[in-house]
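Each remark here refers to the structure printed beneath this line.
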Amino acid sequence: MTEQVPDAPSAPRGAAERAVLRTALRDCLILVAGLAVLGSLVGLLVAGQPGLWGALIGAALAAFFCATTVWSMLYTVGKGATAMGAVVMGSWIAKMVVLVAVLAVLTRFDFYDRVVLFVVLLLGAVGSALLDYRAVKNGRVPYVEPEAGA
């Protein structure tokens, strides 16, 4: 007969991963807020009111992309590799569908500046990827979780 050892009381499983992902989410939301403010100001100066709208739409799309990525990872912490792959791939497909749908709807209108929208969205995507990388690189996630009493 084997003796069962209770889980370590120090921290719940996945706590380190969740902390890293919360850091990534916080940093991305700060980036998006900065892009919305600075992009709006620059867009307003460069292209007037259409530039303002382009920056705001680009920041909203960047926030959606960033939040969806981090949410999908947070949701799958502690789940198997198959579940994580399915959720991450499903969220990526959903993001592409939303992007195509939004751009298809927006092509009918001319109240926004397309260049400003593209630049803000590009900065949001690249900045988000860099911040996610930094959060993972600086995160303290153990390779193994020691057993209690060991």
May I ask whether V115 and L41 are part of the same hydrophobic cluster, defined by side-chain heavy atoms of I, L, V, M, F, W, Y residues being less than 4.5 angstrom apart, directly or through others?
no
Quick one: are L106 and L117 in side-chain contact, heavy atoms under 4.5 Å?
yes
Measure the OG1-CZ distance between T23 and R26 for me, rounded to the nearest 0.5 Å.
5.0 Å
Closest heavy-atom pair, Q49 versus L44, reported as atoms and distance to 0.1 Å, is N-CD1, 3.9 Å
Over 12 foreign heavy atoms within 6.0 Å of OH, Y75
no
How about CG on D110, more than 12 heavy atoms from neighbouring residues, nucleotides or ligands closer than 6.0 Å, or not?
no
Within a strict 4.5 Å, meaning less than it, do heavy atoms of the L121 and L99 side chains meet?
yes
Taking all non-hydrogen atoms of both residues, which atom of A55 and which atom of S40 are closest, and how far apart?
CB-N, 3.5 Å
Going only through I, L, V, M, F, W and Y residues with side-chain contacts under 4.5 Å, is there a path from L52 to F118?
no
Rounded to the nearest 0.5 Å, what separates atom NZ in K137 from atom CG in L130?
11.5 Å
Measure the shortest side-chain to side-chain distance between I57 and F111 over non-hydrogen atoms and say whether it is less than 4.5 angstrom.
yes
Among V20, L29, D132, whose side-chain contact (heavy atoms from CB on, under 4.5 Å) with V70 holds?
D132
Which pair of heavy atoms, one from M96 and one from F65, lies closest together, and at what distance?
CE-CE2, 3.7 Å
Do F109 and V98 share a hydrophobic cluster, counting only Ile, Leu, Val, Met, Phe, Trp and Tyr and linking them when any side-chain heavy atoms are less than 4.5 Å apart?
yes
To check you understand the geometry: which heavy-atom pair defines the closest contact between T68 and S91, and what is its length?
CG2-CB, 3.8 Å
Nearest 0.5 Å, what's the CZ-CE distance between R18 and M73?
12.0 Å
Where L31 and S128 come nearest, the two heavy atoms and their spacing:
CD2-N, 3.5 Å
Check whether S72 reaches the backbone of T69 with its side chain - one donor and one acceptor, N or O, closer than 3.5 Å.
yes
Using the rule that Ile, Leu, Val, Met, Phe, Trp and Tyr join whenever any side-chain heavy atoms are under 4.5 Å apart, tell me whether V102 and F64 fall into a single cluster.
yes
Would you indicate whether the side-chain heavy atoms of L25 and L21 approach each other to under 4.5 Å?
no
Report the distance from atom CD of E17 to atom CZ of R140, rounding to the nearest 0.5 Å.
13.5 Å
Of all the heavy-atom pairs spanning A63 and V32, show the shortest one and how long it is.
CB-CG1, 3.6 Å
Check whether V46 and V119 end up in the same hydrophobic cluster, where Ile, Leu, Val, Met, Phe, Trp and Tyr are linked by side-chain heavy atoms less than 4.5 Å apart.
no
